[in-house]
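This one's a predicted model, so the numbers in the text were calculated from it and none came from an experiment.
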Amino acid sequence: MATSHMHLNSPMPRPFLHNSQGRGGFLQRPWFRAQPRTKTIRTVIIKASADVRKEDIVIVGAGIAGLATAVSLHRLGIGSVVLEQAESLRTSGTSLTLFKNGWRVLDSIGVADSLRGQFLEIEGMAVNSEDGRVLRSFIFKDEDQTQEVRAVERRILLETFANELPPDTIRFSSKLANINSSQNGETLLGLTDGTGVLAKIVIGCDGIRSPIAKWMGFSEPKYVGHCAFRGLGFYPDGQPFAANVNYIYGRGLRAGYVPVSPTKVYWFICYNSPSPGPKITDPVLLRKQAKELVKNWPEELIRLIELSPDETISKTPLVDRWLWPGLSPPASAGKVVLVGDAWHPMTPNLGQGACCALEDSVILTRKLGGAIKSGAASVEAALRAYGEERWPRVFPLTIRANLVGSLLQWDDQLVCSVRNNIVVPKLVRLGPVLEHTNFECEPPKA
């Protein structure tokens with residue numbers, strides 16, 4: 001088989017992919033015959049090997065985007081293989097807030113109700129100053145009767161997705177080492193254990209540092225000047241908070257917490273930093289640093305940090321990537337496509353990272369499902385159509401999330417005084433703030 005070969009640690013041009021004729025599964029059809037080449041590429045010969053498996057659709061990454069996409073495809077009767085570099089589901093970490101657009105997607109793929117029973121519905125939002133003064137409060141359904149907000153544990157969300165998939169769909173300990181673009185349209189994913197997977201369609205869901213995005217020519221996500229501590233407080237006898245999102249605004253520093261369940265409360269602290277600093281994994285040091293940042297803030301926040309199990313506490317730099325038209329590559333190249341953070345990493349200031357990844361998954365599934373029925377020529381067109389539909393949605397949200405974060409992280413005393421005494425109490429309206437959560441989707445249809 002002739003291929004162009006690129007190692008993940010080397011500079012990589014955009015892949016050039018053609019249609020191909022595969023064997024086995026739904027892709028073994030006349031419409032998947034190879035088309036004449038229109039571009040010369042450097043090739044090497046790869047001999048057939050028992051270490052190379054052939055698959056129709058390969059999803060790289062078993063995070064939210066990857067597993068949601070796999071479940072959506074499965075609902076259409078379309079199989080896939082999910083490659084995950086970790087030894088098991090990445091169940092560490094805290095939680096994520098899903099607004100009504102995320103729940104619409106979960107409803108459409110049939111997992112929402114099982115999750116609703118495990119997590120509290122959040123009724124409203126309160127904004128406070130660092131001295132404990134309430135600046136503004138909102139009730140979500142007063143602004144929008146259809147709004148639905150819940151904080152969901154990442155672990156449970158991933159496990160719920162995984163339980164919907166056929167056995168052996170997820171292949172753990174499968175870390176990419178290199179990517180090869182075949183002249184007959186298939187993509188060879190070389191793994192660090194020396195084996196490989198030859199895929200007709202590759203869906204990159206491999207996160208903000210996506211090797212597939214790098215291979216396609218995307219720039220590294222850019223650090224935005226803020227870092228965040230996160231944790232999950234555990235109250236074995238029951239947590240004491242009302243079902244509200246609580247924000248605390250300071251100067252160049254803000255925090256928040258939201259009940260997840262009757263016994264768990266998610267919290268975060270976001271602070272300005274000129275650089276991401278060294279990576280720290282020691283929970284004792286992480287806890288100490290987080291508490292130091294807010295040592296004079298409301299006592300309930302300090303208590304939350306103290307009650308968080310070590311494995312839930314983390315510190316991460318916040319990054320994003322702006323998909324400028326004409327400058328950024330498209331979401332797909334041939335039959336390789338990106339979903340979620342791999343394509344459009346955004347800061348968490350709007351709570352839309354996971355929601356947008358879920359939206360991506362159902363839109364891509366809808367496009368791809370129709371193309372598979374229609375013919376090989378439609379597959380690449382379908383992936384392009386997915387990108388063209390999603391870009392006007394995710395690009396503005398990425399910018400908006402960045403700007404909101406920048407405004408909230410101001411450390412100028414006068415600006416913060418205007419924010420706390422005029423903007424938040426008198427000018428902010430919840431309806432426009434949450435307008436981006438309007439999203440409708442239908443269940444995947446075979």
Side-chain angles (χ1 to χ4, degrees), residues 94-97 119-140 149-151 226-273 283-310 312-316 318 348-351 404-405 407-426 428 430 433:
T94 54
S95 70
L96 48 99
T97 302
F119 302 106
L120 300 175
E121 181 168 8
I122 305 305
E123 298 174 358
M125 178 173 71
V127 181
N128 307 278
S129 62
E130 59 189 286
D131 60 5
R133 180 165 52 103
V134 178
L135 304 178
R136 190 77 177 273
S137 62
F138 304 91
I139 301 298
F140 288 130
V149 185
R150 285 179 170 85
H226 327 309
C227 291
F229 287 96
R230 296 180 174 95
L232 195 63
F234 178 57
Y235 295 77
D237 297 323
Q239 52 89 2
F241 301 104
N244 293 316
V245 181
N246 298 276
Y247 293 112
I248 307 170
Y249 292 166
R251 292 175 54 189
L253 180 68
R254 59 193 160 107
Y257 57 91
V258 56
V260 177
S261 70
T263 58
K264 296 178 181 179
V265 180
Y266 164 70
W267 60 267
F268 75 88
I269 299 170
C270 188
Y271 67 98
N272 293 348
S273 178
V284 174
L285 183 55
L286 290 173
R287 193 190 312 272
K288 179 181 178 181
Q289 290 181 349
K291 290 174 62 177
E292 183 66 24
L293 282 171
V294 294
K295 59 183 177 182
N296 297 318
W297 284 29
E299 178 61 31
E300 63 262 25
L301 182 58
I302 306 295
R303 183 64 175 157
L304 263 175
I305 300 170
E306 293 173 344
L307 291 174
S308 300
D310 288 351
T312 72
I313 302 177
S314 66
K315 172 194 166 186
T316 53
L318 303 186
N349 301 300
L350 299 179
V404 167
L407 290 171
L408 294 178
Q409 291 297 134
W410 274 101
D411 57 7
D412 181 86
Q413 183 174 2
L414 177 59
V415 172
C416 291
S417 177
V418 171
R419 178 195 65 195
N420 289 359
N421 294 295
I422 298 176
V423 176
V424 173
K426 300 178 180 180
V428 172
L430 190 60
V433 168

Trainee: With a 4.5 Å cut-off on side-chain heavy atoms, are Lys288 and Val284 touching?
Mentor: no
Trainee: Closest approach of Trp267 and Gly233, non-hydrogen atoms and distance?
Mentor: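 Scanning both residues completely, I find the closest heavy atoms to be CD1-N, 4.0 Å.
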Trainee: In Å and rounded to the nearest 0.5 Å, what is the CZ to CZ distance from Arg419 to Arg251?
Mentor: 10.0 Å
Trainee: Give the intermediate values and the outcome of side-chain contact (heavy atoms from CB on, under 4.5 Å) for residues Val428 and Phe138.
Mentor: CA-CA 10 Å; Val428 172; Phe138 304 91; 4.1 Å; yes
Trainee: Which atom pair, heavy atoms only, marks the closest approach of Ser314 to Leu286?
Mentor: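 Scanning both residues completely, I find the closest heavy atoms to be CA-CD1, 4.1 Å.
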Trainee: Is any side-chain heavy atom of Thr97 closer than 4.5 Å to a side-chain heavy atom of Val245?
Mentor: no
Trainee: Can you see which heavy atom on Pro259 is nearest to which on Asn244, and at what distance?
Mentor: CD-O, 3.3 Å
Trainee: Could you grab the distance from atom CG of Leu253 to atom CD of Gln409, nearest 0.5 Å is fine?
Mentor: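 It is 7.0 Å, given to the nearest 0.5 Å.
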Trainee: Taking the side chain as C-beta and beyond, is there a heavy-atom pair between Gln289 and Cys227 under 4.5 Å?
Mentor: no
Trainee: To the closest 0.5 Å, what do you measure between CZ (Phe241) and OH (Tyr235)?
Mentor: 4.0 Å
Trainee: Give the ring-plane orientation class for Phe229 versus Tyr271, where under 30° counts as parallel, over 60° as perpendicular and anything between as tilted.
Mentor: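 It falls in the parallel class, under 30°.
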Trainee: Would you mind reporting whether Tyr247 and Val258 have side-chain heavy atoms less than 4.5 Å apart?
Mentor: no
Trainee: Say you draw a straight line from CD1 of Ile269 to NZ of Lys291; how long is it, rounded to the nearest 0.5 Å?
Mentor: 10.5 Å
Trainee: Going through the checks in order, is the side-chain contact (heavy atoms from CB on, under 4.5 Å) test met by Phe140 and Leu430?
Mentor: CA-CA 8 Å; Phe140 288 130; Leu430 190 60; 3.7 Å; yes
Trainee: In Å and rounded to the nearest 0.5 Å, what is the OG to CZ distance from Ser261 to Phe234?
Mentor: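 Spacing of OG (Ser261) from CZ (Phe234) equals 8.0 Å.
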Trainee: Considering all heavy atoms of both residues, which atom of Ser308 and which atom of Thr312 are nearest to each other, and what is their separation?
Mentor: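 Looking at all heavy atoms of both residues, the closest pair is CB-OG1, 3.8 Å.
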Trainee: Could you go through Val423 and Leu407, starting from their C-alpha distance and side-chain angles, then the distance that decides it, and tell me whether this counts as side-chain contact (heavy atoms from CB on, under 4.5 Å)?
Mentor: CA-CA 11 Å; Val423 176; Leu407 290 171; over 6 Å; no
Trainee: Is Leu120 close to Gln239 at the side-chain level, that is, under 4.5 Å between some pair of heavy atoms?
Mentor: yes
Trainee: Please examine the side chains of Ile305 and Val294, heavy atoms only from C-beta on, and report whether any two atoms are closer than 4.5 Å.
Mentor: yes
Trainee: Is the backbone N or O of His226 less than 3.5 Å from a side-chain atom of Asn272, with the two atoms forming a donor-acceptor pair by type?
Mentor: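 It does not hold such a pair.
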Trainee: Please determine whether side-chain contact (heavy atoms from CB on, under 4.5 Å) holds for the pair Arg133 and Asn421, giving the CA-CA distance in whole Å, both sets of side-chain angles, and the decisive distance to 0.1 Å.
Mentor: CA-CA 11 Å; Arg133 180 165 52 103; Asn421 294 295; 3.5 Å; yes
Trainee: Do Ile248 and Pro298 touch side chain to side chain, with heavy atoms closer than 4.5 Å?
Mentor: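 They are in contact (side-chain heavy atoms under 4.5 Å apart), so the answer is yes.
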Trainee: Are the side chain of Arg230 and the backbone N or O of Thr316 linked by a donor-acceptor pair below 3.5 Å?
Mentor: no
Trainee: Go through it in stages, so that I can follow the logic: the residues are Arg303 and Glu300, the test is salt bridge (charged side-chain N to carboxylate O under 4.0 Å, His left out), and I'd like the CA-CA distance, side-chain angles, deciding distance and then a yes or no.
Mentor: CA-CA 5 Å; Arg303 183 64 175 157; Glu300 63 262 25; over 6 Å; no
Trainee: Give a yes or no on whether the backbone of Tyr249 and the side-chain of Arg254 come within a donor-acceptor separation of less than 3.5 Å.
Mentor: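 Side chain of Arg254 to backbone of Tyr249, a donor-acceptor pair under 3.5 Å: no, none is there.
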Trainee: Please report the shortest heavy-atom distance between Ala243 and Glu121, naming the atom on each side.
Mentor: CB-O, 3.6 Å
Trainee: Search all heavy atoms of Ala255 against all heavy atoms of Leu301 and return the closest pair with its distance.
Mentor: CB-CD2, 3.6 Å
Trainee: Working to the nearest 0.5 angstrom, can you tell me the gap between Arg136 CZ and Lys426 NZ?
Mentor: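 If we round to the nearest 0.5 Å, Arg136:CZ and Lys426:NZ are 11.0 Å apart.
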